[in-house]
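Take a look at the structure set out below.
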Amino acid sequence: MARAEMLRLALCLVASALAATGAGGARKTIGVYELRHGDFSVKITNWGTTIMSVILPDSKGNLADVVLGKDTIAEYINDTSFFGPVAGRVAGRIARGRFVLDGKVYHLDINDGRNTLQGGGRGFNKVIWTVKEYVAGGDSPYVTLYYRSFDGEQGFPGDLDVYVTYRLSPYELGVHMNATALGRATPVNLLQHTYWNLGGHGAGDVLGHTLRLHASRYTPLDAEMLPSSGRGAAPVAGTPFDFLAPTTVGARIRGVVGGRVLGYDANYVVDGEPGEMRPVARALDGASGRTLELWGNQPAMQLYTANWLNHTKGKGGAVYERYAGFCLETQGYPDAVNHPEFPSQIIRPGQVYRHDMVFKFSF
């Protein structure tokens with residue numbers, strides 16, 4: 001047997017064997033759950049509630065998978081590129097891995113220089129979720145996943161019940177997240193981190209995609225990708241961050257440094273009333289004719305252009321380079337726990353955090 005094939009088999013065995021024991025001794029295993037509505041299909045795994053694939057037609061009826069990812073569950077387990085999972089308990093960065101809540105200082109897992117990123121080194125993207133409901137077909141196929149985050153996990157206070165539902169309707173993918181604090185107040189800010197390439201996951205870079213953002217302000221970030229102290233939100237007008245009118249992703253990307261490399265990794269303030277579903281973004285790939293329109297109810301959205309991919313092994317033999325995809329991540333403001341001028345992300349016992357987004361596709 002070839003060495004590469006032996007390694008692939010070993011990775012598959014690791015994935016199939018991996019399980020966890022939850023409350024009451026029930027074992028949780030990792031699986032893949034497909035939702036299908038005609039020629040539109042999505043695959044999700046309960047490892048990190050990860051979107052593995054989104055397959056839909058182009059303007060000529062040709063099907064393609066439009067999200068970047070991996071071939072096997074084992075590869076997702078070892079993934080460091082954050083292909084498709086839900087991030088939490090608090091997504092984005094928290095400065096110095098600390099915050100103060102109700103007079104008490106909390107220290108978190110530090111996993112990004114001096115800071116905490118995407119909930120810590122073992123955030124919600126690195127755990128097995130419980131499948132609560134699964135309906136594969138019909139008019140509205142869906143899967144609902146659940147995770148009980150325990151008091152002190154990665155340093156965060158209080159138990160937290162978290163649910164994520166992925167639901168299909170004709171050429172629409174809805175993602176609905178809610179979380180309830182149990183016993184103690186805690187910050188909550190979830191996001192969905194799928195990389196999109198509307199030409200197909202192995203079609204090259206997305207610099208030619210046309211993007212429009214319903215965001216007239218953004219939050220300037222410092223060299224550690226944290227909000228600049230005291231600056232709040234700034235207008236996008238006259239900056240490379242301006243996508244109020246449809247503009248190609250690559251038109252001004254050379255004028256932007258996101259995390260010490262060229263490319264967008266920026267938080268935008270979404271126009272309109274937070275809490276209400278409203279348009280957030282629209283992306284078009286002219287070659288395939290595919291369009292993605294994102295609606296959401298969160299106050300902000302992170303645009304990321306895959307700046308750190310570098311000859312990264314992907315699905316089906318594809319190799320992903322810088323700018324091979326883009327992420328549109330509805331969320332709260334970054335590092336809000338340390339910025340009282342930003343909308344609060346604190347959820348108190350009995351309160352429910354609700355985060356909804358809908359990806360609408362056309363071609």
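Nothing here was measured: the structure is a model prediction, and the numbers come from that model.
A donor-acceptor contact closer than 3.5 angstrom links the side chains of N267 and T219. Side-chain polar atoms of T239 and D242 form no donor-acceptor pair below 3.5 angstrom. Between the side chains of D271 and H214, no donor-acceptor pair of N or O atoms lies under 3.5 Å.
Cluster membership check: L294 shares its hydrophobic cluster with V270, using side-chain heavy-atom separations under 4.5 Å among Ile, Leu, Val, Met, Phe, Trp and Tyr. Hydrophobic clustering (ILVMFWY, side-chain heavy atoms < 4.5 Å, transitive): L244 and V280 are in one cluster.
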Assess whether ring-ring contact (aromatic ring centres under 6.0 Å, His included) is satisfied between F83 and Y320, documenting all intermediate values.
CA-CA 12 Å; F83 287 125; Y320 306 140; 5.8 Å; yes
Please step through side chain to side chain contact (heavy atoms under 4.5 Å, CB included) for the pair H201 and K315, ending with a clear verdict.
CA-CA 8 Å; H201 75 93; K315 293 183 282 192; 3.6 Å; yes
Do V352 and R354 pass the side chain to side chain contact (heavy atoms under 4.5 Å, CB included) test, and can you show the C-alpha distance, the side-chain angles, and the key distance before you say yes or no?
CA-CA 6 Å; V352 180; R354 300 187 187 279; 3.8 Å; yes
Kindly determine whether R260 and M225 satisfy side chain to side chain contact (heavy atoms under 4.5 Å, CB included), including the steps that lead there.
CA-CA 9 Å; R260 303 181 302 280; M225 302 302 294; 6.0 Å; no
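Note on ring orientation: taking the six-membered ring where Trp is involved, the planes of W196 and F361 are tilted (angle from 30° to 60°). Using cut-offs of 30° and 60° for the angle between ring planes, the F342 and H339 rings count as parallel.
At distances below 3.5 Å, not a single donor-acceptor pair connects side-chain atoms of T50 with backbone N or O atoms of M52. At distances below 3.5 Å, not a single donor-acceptor pair connects side-chain atoms of N115 with backbone N or O atoms of G97. In terms of modelled atom types and a separation under 3.5 Å, the side chain of D109 and the main chain of Q154 share no donor-acceptor contact. Using modelled atom types, no side-chain atom of D112 and backbone atom of T116 make a donor-acceptor pair closer than 3.5 Å. For the pair D159 (side chain) and L182 (backbone), a donor-acceptor distance under 3.5 Å is absent. A donor-acceptor pair is defined here as one N or O able to donate and one able to accept, closer than 3.5 Å; such a pair exists between the side chain of T45 and the backbone of W47. Between the side chain of H193 and the backbone N or O of F82, at least one donor-acceptor pair lies under 3.5 Å. With hydrogens and angles disregarded, no donor-acceptor distance shorter than 3.5 Å links the side chain of K43 to the backbone of S53. Within the 3.5 Å criterion, the main-chain N or O of R96 finds no donor-acceptor partner in the side chain of R98.
When all heavy atoms are compared, the tightest approach of R89 to T186 is NH1-OG1, 2.9 Å. The shortest heavy-atom contact between L101 and P187 is CD2-CD, 4.4 Å. Heavy-atom minimum distance, N307 versus G263: OD1-CA, 3.3 Å. Taking every heavy atom of both residues into account, V249 and V206 meet most closely at CB-O, 3.5 Å.
Checking each of Y166, Y147, Y163 against W129 for a ring-ring contact (aromatic ring centres under 6.0 Å, His included) leaves exactly one that passes, namely Y147. Applying side-chain hydrogen bond (donor to acceptor under 3.5 Å, both in side chains) to Y146 and the options D161, T165, T130 leaves one that passes, D161.
Comment: R114 engages E224 in a salt bridge, judged by a side-chain N to carboxylate O separation of less than 4.0 angstrom.
The structure places CZ of R348 at 11.5 Å from CZ of R184, a figure rounded to the nearest 0.5 Å. For the atom pair CZ of R148 and CG of L160, the computed distance is 9.0 Å after rounding to the nearest 0.5 Å. How far NE2 of H209 is from CG of D285: 4.0 Å, rounded to the nearest 0.5 Å. Put simply, CZ on R93 and CG on L221 are 8.5 Å apart, with the number rounded to the nearest 0.5 Å.
The side-chain heavy atoms of D356 and N178, taken from C-beta on, include no pair separated by under 4.5 Å.
Residues meeting the ring-ring contact (aromatic ring centres under 6.0 Å, His included) test with F99, sequence neighbours left out: Y106. Applying the ring-ring contact (aromatic ring centres under 6.0 Å, His included) test to Y171 and every residue at least two apart in sequence or in another chain returns F40, F363.
The distance between the ring centers of Y304 and Y264 does not fall below 6.0 angstrom.
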